[in-house]
Peer 1: 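Sharing a structure below in structure tokens format, with a few things to ask.
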Amino acid sequence: MKKIYLLSTAIIGLLIACKNKPTDKPATDSAKTVATKPTPMSPIKYDSSKRYIFLTWDDSPQPPGTTNCRLVFKQEGVKATFFSVGFNQVGPFKKRLIDSIRNEYPQFLLANHSFSHGFNDKYAKFYATPDSAYADFMRNEKELQIPVKIIRLPGNNTWATNGKIHGQKADNALIKRLDAEGYKIVGWDLEWGQNGKKKEPRESVDQLIKMLNQKFDDGMTNEQNMIVILSHDRLFEKKQYADSLAKFIQVLKQDPRNVFETIDHYPGIQK
């Protein structure tokens, strides 16, 4: 009888173990973790010990300059903002280039630099006809599917955020209207300029690094511990100048204080 009892006990224990054995299939779909892609304008927390660098490149799409810059930024793993111009988007390749920039957030941000680049560089007329200029920005926003209400004025260093306007066109009706409608207008603290009419940078890497550090040291930026750098895609068409861009970023990355961000994370712009 004792053997029969022990055998029965073992069988019952085996049945209970099989019933409670976990399965590979999750109980519900809610157990799955879904990764969400960041969206533009999502806020970040600033670190007062850091220096925030905003690389803002104008006039895309301008291949091969735009493609070179984008490749350098990707290889170096830094964030950048492309202020784009609608009438430069001619043909399927340039359209795909703009689509790529738009879709590669959070590394790259697509922003508004007007459709016609200020009526094809006729700046006096552009700012003297605010209704037409406003329509030009709205056309660019629609045709390039720009995801943010962030603008850089063509040929003009003016800032406007939440009713605070300063710069060359602070009293202009266009700027006041854009600001009133919630658009953020971004100027710049430091320009990597064009060498006359040549499609090449004016300053060497060493000169630009010195200028950048001097700006930070003197507190001569629009926001403390923040610097907005302006340049243009076309300056980096040749390999030697794309290499200069890579070197510039590599030198900046050596300083642990430096953080690269897209312009939607600039103070007063981010939510």
Side-chain angles (χ1 to χ4, degrees), residues 41 43-59 69 72-83 106-109 111 113 150-153 155-170 175 184-196 198 200-236 240-270:
M41 306 294 285
I44 62 169
K45 186 176 181 180
Y46 303 122
D47 182 341
S48 60
S49 68
K50 300 296 185 181
R51 308 192 312 181
Y52 290 86
I53 298 171
F54 300 86
L55 302 174
T56 61
W57 261 227
D58 285 6
D59 297 350
C69 293
V72 169
F73 295 149
K74 288 178 76 72
Q75 289 177 336
E76 296 301 327
V78 298
K79 297 181 179 182
T81 302
F82 289 88
F83 281 93
Q107 182 169 17
F108 301 141
L109 180 70
H113 196 39
I150 301 176
I151 284 172
R152 169 164 286 147
L153 301 175
N156 192 276
N157 190 3
T158 295
W159 304 74
T161 309
N162 305 324
K164 299 177 181 178
I165 305 173
H166 63 93
Q168 295 168 288
K169 293 290 182 182
I175 284 72
K184 318 298 182 182
I185 298 174
V186 179
W188 60 90
D189 299 301
L190 177 64
E191 181 178 2
W192 198 350
Q194 182 168 334
N195 185 16
K198 297 178 181 179
E200 61 185 45
R202 181 177 58 217
E203 293 82 12
S204 69
V205 171
D206 291 342
Q207 287 174 325
L208 198 66
I209 292 290
K210 183 178 180 181
M211 293 164 67
L212 180 145
N213 286 325
Q214 196 68 53
K215 287 271 187 180
F216 273 127
D217 291 345
D218 294 343
M220 296 298 290
T221 57
N222 187 60
E223 291 281 352
Q224 186 176 5
N225 297 334
M226 312 271 173
I227 192 164
V228 177
I229 301 174
L230 160 70
S231 195
H232 295 81
D233 303 33
R234 61 182 172 272
L235 305 189
F236 305 95
Q240 67 189 93
Y241 301 123
D243 290 344
S244 295
L245 176 58
K247 180 183 176 182
F248 173 65
I249 294 170
Q250 289 162 6
V251 172
L252 290 176
K253 286 166 64 178
Q254 293 173 10
D255 189 330
R257 296 174 298 172
N258 293 335
V259 177
F260 294 87
E261 270 299 342
T262 47
I263 202 65
D264 56 321
H265 293 139
Y266 191 79
I269 294 180
Q270 72 170 12

Peer 1: By side chain to side chain contact (heavy atoms under 4.5 Å, CB included), which residues pair with Lys50, not counting sequence neighbours?
Peer 2: Asp47, Tyr52, Val259
Peer 1: Return the set of residues passing side chain to side chain contact (heavy atoms under 4.5 Å, CB included) with Gln194 (not counting sequence neighbours), or none when no residue passes.
Peer 2: Arg234, Leu235
Peer 1: Output all residues satisfying salt bridge (Lys or Arg N to Asp or Glu O under 4.0 Å) with Lys247, sequence neighbours left out; order by chain, then residue number.
Peer 2: none
Peer 1: Do Lys74 and Phe108 pass the side-chain contact (heavy atoms from CB on, under 4.5 Å) test, and can you show the C-alpha distance, the side-chain angles, and the key distance before you say yes or no?
Peer 2: CA-CA 9 Å; Lys74 288 178 76 72; Phe108 301 141; 3.5 Å; yes
Peer 1: Under the rule for side-chain hydrogen bond (donor to acceptor under 3.5 Å, both in side chains), what residues qualify as partners of Glu200, not counting sequence neighbours?
Peer 2: Asn195, Tyr241
Peer 1: For Lys253 and Glu76, indicate whether the former's side chain and the latter's backbone hold a donor-acceptor pair under 3.5 Å.
Peer 2: yes
Peer 1: Backbone N or O of Gly268 within a donor-acceptor pair of the Asn162 side chain at under 3.5 Å?
Peer 2: yes
Peer 1: Let me have the donor-acceptor pairs involving side chains of residues 185-192, under 3.5 Å, with sequence neighbours excluded, atom names and distances please.
Peer 2:
{"from": "Asp189", "atom 1": "OD1", "to": "Asn222", "atom 2": "N", "distance (Å)": "2.8"}
{"from": "Asp189", "atom 1": "OD2", "to": "Val228", "atom 2": "N", "distance (Å)": "2.8"}
{"from": "Trp192", "atom 1": "NE1", "to": "Glu203", "atom 2": "O", "distance (Å)": "2.8"}

Peer 1: Test of understanding: with side-chain hydrogen bond (donor to acceptor under 3.5 Å, both in side chains), list the residues that count as partners of Thr81, not counting sequence neighbours.
Peer 2: none
Peer 1: Under the side chain to side chain contact (heavy atoms under 4.5 Å, CB included) rule, collect the residues that match up with Arg257, sequence neighbours excluded.
Peer 2: Arg51, Asp255
Peer 1: Can you confirm whether Gln224 is buried at CD, in the sense that more than 12 heavy atoms of other residues, nucleotides or ligands lie under 6.0 Å from that atom?
Peer 2: no
Peer 1: Measure across Tyr266 and Met226 and return the closest heavy-atom pair with its distance rounded to 0.1 Å.
Peer 2: CE1-CB, 3.9 Å
Peer 1: Residues in salt bridge (Lys or Arg N to Asp or Glu O under 4.0 Å) with Lys169, at least two apart?
Peer 2: none
Peer 1: For the pair Thr158 (side chain) and Gln168 (backbone), establish whether a donor and an acceptor sit closer than 3.5 Å, ignoring hydrogens and angles.
Peer 2: yes
Peer 1: To the nearest 0.5 Å, how far apart are CZ in Phe54 and OG1 in Thr221?
Peer 2: 10.5 Å
Peer 1: Quick one: do Gln107 and Thr262 satisfy side-chain contact (heavy atoms from CB on, under 4.5 Å)? Show the steps, please.
Peer 2: CA-CA 7 Å; Gln107 182 169 17; Thr262 47; over 6 Å; no
Peer 1: Please report the closest heavy-atom contact between Tyr46 and Pro267, naming both atoms and the distance.
Peer 2: OH-N, 3.3 Å
Peer 1: Nearest 0.5 Å please: distance from the CD1 atom of Ile175 over to the CD1 atom of Ile165.
Peer 2: 7.5 Å
Peer 1: Heavy atoms, side chains only, cut-off 4.5 Å: are Leu212 and Leu252 in contact?
Peer 2: yes
Peer 1: Please assess Leu109 against Ile150 for the test side-chain contact (heavy atoms from CB on, under 4.5 Å), listing each intermediate value before the final yes or no.
Peer 2: CA-CA 10 Å; Leu109 180 70; Ile150 301 176; 4.2 Å; yes
Peer 1: Restricting to side chain to side chain contact (heavy atoms under 4.5 Å, CB included), what partner residues turn up for Asp218, sequence neighbours left out?
Peer 2: Gln214, Met220
Peer 1: Using the test side-chain hydrogen bond (donor to acceptor under 3.5 Å, both in side chains), find all partners of Ser244 that sit at least two apart in sequence or belong to another chain.
Peer 2: none
Peer 1: Checking Lys210 now: which residues fulfil salt bridge (Lys or Arg N to Asp or Glu O under 4.0 Å) with it, not counting sequence neighbours?
Peer 2: none
Peer 1: With a 3.5 Å distance limit and no angle check, can you tell me whether His113 reaches the backbone of Asp59 through a side-chain donor-acceptor pair?
Peer 2: no
Peer 1: Scan for ring pair (Phe, Tyr, Trp, His ring centres under 6.0 Å) pairs involving residues 206-230, sequence neighbours excluded, and state none if there are none.
Peer 2: none
Peer 1: What distance do Leu230 atom CG and Asn157 atom CG have between them, rounded to the nearest 0.5 Å?
Peer 2: 8.0 Å
Peer 1: Can you measure from CG (Asn225) to CD (Glu223) and round to the nearest 0.5 angstrom?
Peer 2: 10.0 Å
Peer 1: At what distance, to the nearest 0.5 angstrom, does NE2 of His232 lie from OG1 of Thr56?
Peer 2: 9.0 Å
Peer 1: Nearest 0.5 Å please: distance from the NE2 atom of His265 over to the NZ atom of Lys45.
Peer 2: 15.0 Å
Peer 1: Find out whether Phe73 and Phe260 are in side-chain contact, i.e. whether some heavy atom of one side chain is under 4.5 Å from a heavy atom of the other.
Peer 2: no
